[in-house]
Student: 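Questions regarding the structure given below will be posed in turn.
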Amino acid sequence: MSEIVSTSKGKNKKVLHVTSTYFPDTHGGVEEVIRQICLNTKPHGIESRVFTLSPNPFPQTIKIEGCDVFRAKKSFEIASCRFSIEAISKYKELIEWADIIHYHFPWPFADFLHLLCKVSKKSIVTYHSDVVRQKNLNKLYTPVMHYFLKSMNKIITTSLNYSQSSKILKEYKDKVEIIPIGLNEKSYPVPSKNEIDLTQSKVGNDFILFVGMFRNYKGLNYLLKSAQDISTNIVLVGKGPLEKELKNIVNNLRLSNIQFLGEVNEVEKVALFKLCRAVVLPSHLRSEAFGVTLIEGSMYGKPLISTEIGTGTSYINLNGKTGIVVPPRDSKSLKNAIIKISSDLSLSKKMGHSSRLRYEELFTGQTMGQKYLTLYNAL
């Protein structure tokens, strides 16, 4: 992927990003957001490091696109939260290096690290999502979470929609700042004609594309049920804990228009975005706070199909303009949206054009990078 070049320089600052998981172990929206923040602040003099856990952290330090990633070994996992025994000593060393600690929430273990290590450096948190599940464990975690959030200098949320609909964020209005996620188009590869043709030979074109982790909140079971009795092909890119369950649904419903591609490289992913008719994100829970794949779809001028869950997904996708927004858990509405966009090429192109314009206006990586740069310098 190409480097982002700028002649503009700000004050040199060292920023440590703290996240549960990162490339190359996983490929999700939060990982891409961190990558984009690092890439788009680096030309302005920001030096970034990432601290994360890995099941196989060998080597312990790796370089990903100019950013050093420091990995501690994951010891165990409780309710999808990763823990590490060796992380504390490694984390203390990285704190000494950093000027600013940038947490990515939710990751309860990071809250404990912050408290145990008595972090006194300027600290901010990008609040990607409420903690939606694990209600019983939440009762134990909630006091720690509030202590953590109160200690932050700033709490960043990615859309006004989410800041207004989150009960937790309403308690910290004086700390909250909105910085929408942005992607730099130059950080994505440009597939050759041969590479696009190769991808097209596998999946065709004018399909509906989903890209993301196969997790509970993604609503993929509703998407699969919507695929019954329609001819439009649906291509699923990614992997995750629900993969076996989803494939069983496909077999039980005898769906012939579903294709699982697993994880793909960046070149093939871009080729898929270029070949598809529309991008779909059927998430039905608030864990989907924004939806990076929707921005990627906008970046490539595609209409979007998403659900109304009171989060940033409906900030990216404007119903009737950049795509279609349907109720969550509603396979019938999903099906109707797919049929409408698949059968009306003129509408598809019109929405795709509006989608691209909205990306250029609000969701470029340069815009996001400048806002984080301003925040870092203000601290």
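Just the heavy atoms: all of them, side chains too, but no hydrogens, waters or symmetry mates, feed the values below. The structure displayed is predicted, hence computed values, not measured ones.
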Student: Would you call Glu93 and Lys90 a salt bridge, taking side-chain N to carboxylate O under 4.0 Å as the test?
Tutor: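 No, Glu93 and Lys90 are not salt-bridged.
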Student: Tell me yes or no: between the side chains of Asn317 and Thr322, is some donor less than 3.5 Å from an acceptor?
Tutor: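 Per modelled atom types, Asn317 and Thr322 side chains form a pair under 3.5 Å.
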Student: Tell me if the aromatic rings of Tyr162 and Phe290 count as close, with their centers under 6.0 Å from one another.
Tutor: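 No; Phe290 has its ring centre 6.0 Å or more from that of Tyr162.
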Student: Checking Arg358 side chain against Ser298 main chain: does a donor-acceptor pair fall under 3.5 Å?
Tutor: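 Here the side-chain-to-backbone pair does not exist.
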Student: So, do Phe148 and Tyr103 have ring centers that fall under 6.0 Å from each other?
Tutor: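 Yes, ring centres under 6.0 Å apart.
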Student: I'd like to know if Lys92 and Glu96 make a salt bridge, using a cut-off of under 4.0 Å between side-chain N and carboxylate O.
Tutor: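 Looking at Glu96 together with Lys92, the answer is no, because their closest N to O distance does not fall below 4.0 Å.
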Student: Do Ile234 and Phe210 touch side chain to side chain, with heavy atoms closer than 4.5 Å?
Tutor: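 No, too far: nothing below the 4.5 Å cut-off.
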Student: We want to know whether Tyr376 and His102 form a side-chain donor-acceptor pair, criterion being a heavy-atom distance below 3.5 angstrom.
Tutor: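 Yes, because at least one side-chain N or O of Tyr376 sits under 3.5 Å from a partner of the opposite role on His102.
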Student: Got more than 12 heavy atoms from elsewhere within 6.0 Å of NE2, His146?
Tutor: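 Check passes, neighbour count above 12.
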Student: For the NE2 atom of His17 and the CD atom of Glu31, what is their distance to the nearest 0.5 Å?
Tutor: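 With rounding to 0.5 Å, NE2 (His17) is 13.5 Å from CD (Glu31).
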Student: Given 3.5 Å as the limit, does a donor-acceptor pair link the side chain of Ser54 with the main chain of Asn56, or not?
Tutor: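 Between the backbone of Asn56 and the side chain of Ser54 there is a qualifying donor-acceptor contact (under 3.5 Å).
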Student: Between the side chains of Arg277 and Thr232, does any donor sit under 3.5 Å from an acceptor?
Tutor: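 No - no donor-acceptor pair under 3.5 Å links their side chains.
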Student: Determine yes or no for a side-chain-to-main-chain donor-acceptor pair under 3.5 angstrom, with Arg82 supplying the side chain and Thr21 the backbone.
Tutor: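 No, the answer is negative, given that no donor and acceptor are paired below the 3.5 Å cut-off.
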Student: Taking Ile85's backbone N and O only, do any of them form a donor-acceptor pair with Ser75's side chain (distance below 3.5 Å, no angle check)?
Tutor: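 At least one qualifying donor-acceptor pair exists.
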Student: Could you list who else is in Leu198's hydrophobic cluster, with ILVMFWY side chains joined at under 4.5 Å, directly or through other members?
Tutor: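 None; Leu198 is a cluster of one.
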Student: Is the Tyr222 ring parallel, tilted or perpendicular to the His284 ring (thresholds 30°, 60°)?
Tutor: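 Perpendicular: the ring planes of Tyr222 and His284 meet at over 60°.
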Student: Taking Asp99 for the side chain and Lys14 for the main chain, is one N or O donor matched with an acceptor at less than 3.5 Å?
Tutor: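 Such a contact is found between Asp99 side chain and Lys14 backbone.
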Student: Is the side chain of Thr41 donor-acceptor paired with the backbone N or O of Leu373 at a distance under 3.5 Å, no angle test?
Tutor: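 No; judged by distance alone, with no hydrogens or angles, the pair does not exist.
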Student: Look at atom CZ of Phe83 and say whether more than 12 heavy atoms of other residues, nucleotides or ligands are closer to it than 6.0 Å.
Tutor: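 Count over threshold, so yes.
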Student: Identify the residue among Glu266, Lys269, Glu296 that makes a side-chain hydrogen bond (donor to acceptor under 3.5 Å, both in side chains) with Tyr188.
Tutor: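 The option that passes is Glu296.
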Student: Less than 6.0 angstrom from the centroid, inside 45 degrees of the normal: does Lys247 satisfy that with respect to the ring of Phe260?
Tutor: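 Satisfied, under 6.0 Å and within 45°.
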Student: Any chance NZ of Lys321 has more than 12 other-residue heavy atoms, nucleotides or ligands included, within less than 6.0 Å?
Tutor: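 At most 12 heavy atoms, drawn from other residues, nucleotides or ligands, come within 6.0 Å of this atom.
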Student: Using the ring of each side chain (for Trp, its six-membered ring), is Tyr127 parallel, tilted or perpendicular to Phe105, with breaks at 30° and 60°?
Tutor: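 Ring orientation of Tyr127 relative to Phe105: parallel.
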Student: Give me the atom names and distance for the closest heavy-atom approach of Ala337 to Val326.
Tutor: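 Heavy atoms only, the tightest pair is CB-CG1, 4.1 Å.
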Student: Are Tyr315 and Phe363, when compared by the centres of their aromatic rings, separated by less than 6.0 Å?
Tutor: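 When the ring centroids of Tyr315 and Phe363 are compared, they turn out to be within the sub-6.0 Å range.
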Student: Tell me whether Lys175 contacts the main-chain N or O of Met152 through its side chain, where contact means a donor paired with an acceptor under 3.5 Å.
Tutor: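 Side chain of Lys175 to backbone of Met152, a donor-acceptor pair under 3.5 Å: yes, one is there.
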Student: So, does Lys170 use its side chain to make a donor-acceptor pair with the main chain of Gln164 at under 3.5 Å?
Tutor: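 A pair under 3.5 Å: yes.
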Student: If you group Ile, Leu, Val, Met, Phe, Trp and Tyr whenever their side-chain heavy atoms sit less than 4.5 Å apart, what else falls in with Val50?
Tutor: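 Members alongside Val50: Tyr22, Phe23, Val30, Ile34, Ile62, Ile64, Val69.
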Student: Could you check whether Tyr91 and Ser84, counting side-chain N and O atoms only, form a donor-acceptor pair closer than 3.5 Å?
Tutor: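 Judged by distance alone, the side chains do not pair up.
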Student: Is a side-chain N or O of Tyr359 found less than 3.5 angstrom from the main chain of Tyr300, in a donor-acceptor match?
Tutor: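 Side chain of Tyr359 to backbone of Tyr300: no pair is present.
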Student: I would like to know whether Arg329 and Leu285 meet side-chain contact (heavy atoms from CB on, under 4.5 Å); could you show each step before the answer?
Tutor: CA-CA 9 Å; Arg329 303 181 182 86; Leu285 296 175; 3.3 Å; yes
Student: For the residue pair Thr311 / Glu288, report whether a side-chain donor-acceptor contact shorter than 3.5 Å exists.
Tutor: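 Distance-only check fails for Glu288 and Thr311.
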Student: Between Glu86 and Gln60, is any pair of side-chain heavy atoms under 4.5 Å apart?
Tutor: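 The answer is yes, as the side chains (C-beta and beyond) meet within the 4.5 Å cut-off.
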Student: Is a side-chain donor or acceptor of Thr52 paired with a backbone partner of Thr19 at a separation under 3.5 angstrom?
Tutor: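 Side chain of Thr52 to backbone of Thr19, a donor-acceptor pair under 3.5 Å: yes, one is there.
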